[in-house]
Amino acid sequence: MLRFVLAGLLVLVAVTSAVLAGVVSPWWWLPAAPLSVLAATAVHDLAQTRHSVLRNYPVVGHLRFLMESIRPEIQQYFIEHDYNGRPFDRDVRSLVYQRAKGTSAEDPFGTELAMYEDGHEYLVPSMAPCPVPQTPPTVRVGGPGCTRPYDMSLLNVSAMSFGSLSGNAVRALNKGAAAGGFAHDTGEGALSEHHLAHGGDLIWEVGTGYFGCRTANGDFDPEQFREKAALDAVRCVLLKVSQGAKPGIGGVLPGEKVNAEIARVRGVPEGETVVSPPYHRVYATPRELVRFLGRMRELAGGKPTGFKLCVGSRREFLAVCKAMTEENVTPDFIVVDGAEGGTGAAPPEFADHIGYPLTEGLLIVHNALVGAGLRDRVRIGASGKVATGADIVKRLIQGADYTNAARAMMFAVGCIQAQRCHANTCPVGVATQDPRRARALHIPDKAARVHRFHRATVHSAQRIMASMGVADPRDLRPDMLHRRVDPVTITSSAQLYPRLAPGELLESPPEAWAADWKAADPDRFHP
């Protein structure tokens, strides 16, 4: 491409020189300029061997690449309906924007959803609604081994690392969290000055790279972890086992992206490629995982300690439950990440085909903990396309105690779903390390938007629960969520997903669980 541009410029220079020298009339210059560029383009297209389209259709073949480059924008703005866009439809994005701006989030004329299609879900209203509580509810996170429990909001900022997000975006999220009294997960890219700038409550997430608490050869460094976990802003610590959009896969940060700031924050050499392996070095069995969680809590001075996973094998999670029981060590919280969760970059095969969606993953974790007699010691967080009050209520009914949101919080900060997160060319300065692009994100304004979105969405969840006759989220029941399973049948979540009784796996496992419970081994993940 560069060659034909240079050729065109040479022709322009030649024609201009001829005009100035009086060799040709100035009137020749006007048609000669574009024609020379087109001619140079045609010669280049016919000579190159990379694109067959351009060899067969010189010049006009470039229209294909132009249209392909703007296809996402054409799709988003002119083709998709308000209710069927992906990953988030326009209705949801508009709702987040309106709440973030503090404007009216009301629609006229009725729903556009096809309520008679299979899979449509309904929350059950009561004939006796209750008043909406004036104070937003919180969830106390902290089991028997925790000495410094934390009161978690119903909605929090899910894991997004500095490096994936710009420093300004991280600061805006944290300032909004500080104003609204909710938690901000750091993501696995370590604690940065941006996370600590405004005093918002932090959940420090540690992944397989152990960024911010790693030795020179990439092992976990307990002393670095102890030092940073002692910071007042760090309210909980979290071990990332796997991520919804790409479970079971590591990551590579190319050396050219490891600038001085990222190298300092992550504790890696500047300019060198950094590999996050798909596995942890600190454990290889369910028992070792549970013991390491106990060690993390001790190093963190008794702060709530948990782990995050995208559920794949029910048997493996039951093995972890057996290890908890035998070791008498439980995490204070578990975050269930659905396969529909977001990411800055992932192979499409992983995002599309690996791991349980949030509904099934959440129900497996909740039921397993209940059946093993551990549910009262462990809080469950749910993350994966949570954006509205209805999303929060549905996840609470399915077994969660609270929810986390990443992409919805990005919308609140100004994301327009351009889906350029992996290319460092985010047009609104959210998911980029380009200083010129990032400076467009004004921290005070976007922080206020994050705060308003959180407040309005939690209030929406409270209003929905009140319409269902529920003032306390703990009073939500599985029979309050229904789903259409065929054109004439609506079934409750209680019927679709039978629940285990407390301790049932220990006493008499039901037939549907018996084989997995028997095969689950606390000393190996693969029976």
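Computed from heavy atoms alone, side chains included, the values below leave out hydrogens, waters and symmetry copies.
Scanning for salt bridge (Lys or Arg N to Asp or Glu O under 4.0 Å) contacts around D118 gives an empty result, with sequence neighbours left out.
Between the side chains of S158 and D185, no donor-acceptor pair of N or O atoms lies under 3.5 Å. There is no side-chain donor-acceptor pair under 3.5 Å between D91 and S94. Side-chain atoms of S153 and H454 form a donor-acceptor pair, as typed in the model, at a separation below 3.5 Å.
Using a 4.0 Å cut-off between charged side-chain N and carboxylate O, E298 and R295 make no salt bridge. The pair R171-E193 counts as a salt bridge, with a side-chain nitrogen and a carboxylate oxygen less than 4.0 angstrom apart.
Side-chain atoms of T432 come within 3.5 Å of backbone atoms of D434 as a donor-acceptor pair (strictly under, hydrogens ignored). Between the side chain of N424 and the backbone N or O of Q433 there is at least one donor-acceptor pair closer than 3.5 Å. The backbone N or O of F88 sits less than 3.5 Å from a side-chain atom of Q417, completing a donor-acceptor pair.
Ring planes of H280 and Y210: tilted class, angle from 30 to 60°. Taking the six-membered ring where tryptophan is involved, the planes of F292 and F220 are perpendicular, since the angle between them exceeds 60° and thus also 30°.
Of all heavy-atom pairs between A178 and G199, the closest is CB-C, 4.1 Å.
Of the residues listed (R483, R484, R395), the one engaging E121 in a salt bridge (charged side-chain N to carboxylate O under 4.0 Å, His left out) is R483, and it is the only one.
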Exercise. Quick one: do K385 and E340 satisfy salt bridge (Lys or Arg N to Asp or Glu O under 4.0 Å)? Show the steps, please.
Key: CA-CA 7 Å; K385 292 192 75 172; E340 65 268 51; over 6 Å; no

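You'll find the ring centres of F453 and F411 outside the 6.0 Å limit.
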